[in-house]
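These notes concern the structure reproduced below.
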Amino acid sequence: MGNCVCTWSVNKKTDPAACSINQGLKDKLIEVRQKLTQTDAGVEFQITEAYPPTVNHASPKHFDGKAIDVAITNANCAKVKTFLKTAKD
């Protein structure tokens, strides 16, 4: 697992003992949440899968805490695009 940390400060809906992510990914997700809040984009997300993975994944990054799955609340194309653009910036 390497140096993973709890997702609790990123995702308040997740059990704090349930999953972990790499510290760099956690920092990026906090930044993404802050940017989405500041721009009033109306995009909220929840981490639905982190480490340890509960299902098989094609990406090996799920097995070392460097990948997540997210669900976007009331998702539509615009919200997904906004989330992806913000996460890439």
Side-chain angles (χ1 to χ4, degrees):
M1 177 167 87
N3 186 19
C4 291
V5 293
C6 178
T7 61
W8 187 245
S9 67
V10 176
N11 181 18
K12 300 296 185 188
K13 297 177 183 176
T14 299
D15 177 350
C19 58
S20 298
I21 56 175
N22 174 277
Q23 181 66 53
L25 179 55
K26 178 182 177 181
D27 294 343
K28 178 64 177 179
L29 289 169
I30 291 171
E31 179 185 324
V32 168
R33 185 176 296 282
Q34 290 171 343
K35 286 180 179 179
L36 290 171
T37 300
Q38 291 170 355
T39 61
D40 196 29
V43 179
E44 295 181 17
F45 66 94
Q46 178 177 353
I47 298 168
T48 58
E49 178 88 330
Y51 180 89
T54 58
V55 298
N56 288 328
H57 291 275
S59 171
K61 292 184 179 192
H62 271 281
F63 299 96
D64 62 9
K66 295 180 182 175
I68 59 165
D69 294 343
V70 299
I72 297 173
T73 306
N74 299 318
N76 59 40
C77 289
K79 287 183 179 182
V80 171
K81 286 179 182 179
T82 299
F83 175 84
L84 292 173
K85 182 182 181 320
T86 305
K88 288 179 183 179
D89 289 345

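Here the structure is a predicted model, which is why all the values come from computation and not from measurement.
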According to side-chain contact (heavy atoms from CB on, under 4.5 Å), who are the partners of [X], at least two apart in sequence or on a separate chain?
X	answer
Asp40	none
Ala78	Asn76
Val70	Phe45, Ile68, Phe83

Exercise. Would a distance-only check, ignoring hydrogens and angles, find a side-chain to backbone donor-acceptor pair under 3.5 Å from Lys66 to Leu25?
Worked result: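 Absent.
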
Problem set entry | Nearest heavy atoms of Ala87 and Val32, plus distance in Å |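 Here Ala87 and Val32 meet closest at CA-CG2, 3.7 Å.
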
Problem set entry | Which atom of Leu36 lies closest to which atom of Thr39, heavy atoms considered |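 Heavy atoms of Leu36 and Thr39 come nearest at O-OG1, 3.3 Å.
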
For this session: For residues 73-88, pull every pair meeting salt bridge (charged side-chain N to carboxylate O under 4.0 Å, His left out), keeping only residues two or more places apart or in separate chains.
Result: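 Pairs touching residues 73-88 that pass the test: Lys85-Asp89.
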
Problem set entry | Lys35: salt bridge (Lys or Arg N to Asp or Glu O under 4.0 Å) partners, not counting sequence neighbours |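 By the salt bridge (Lys or Arg N to Asp or Glu O under 4.0 Å) rule, Lys35 matches Glu31.
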
Problem set entry | Val80 vs Val43, side-chain contact (heavy atoms from CB on, under 4.5 Å): CA-CA, chis, key distance, verdict | CA-CA 8 Å; Val80 171; Val43 179; over 6 Å; no

For this session: Give a yes-or-no answer on whether the side chains of Asp69 and His62 include a donor-acceptor pair shorter than 3.5 Å.
Result: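 On atom types as modelled, these side chains qualify, holding a pair under 3.5 Å.
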
For this session: Kindly write out the residues that satisfy side chain to side chain donor-acceptor pair (under 3.5 Å) with Thr54, not counting sequence neighbours, or none if the list is empty.
Result: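 Expected list: Glu49.
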
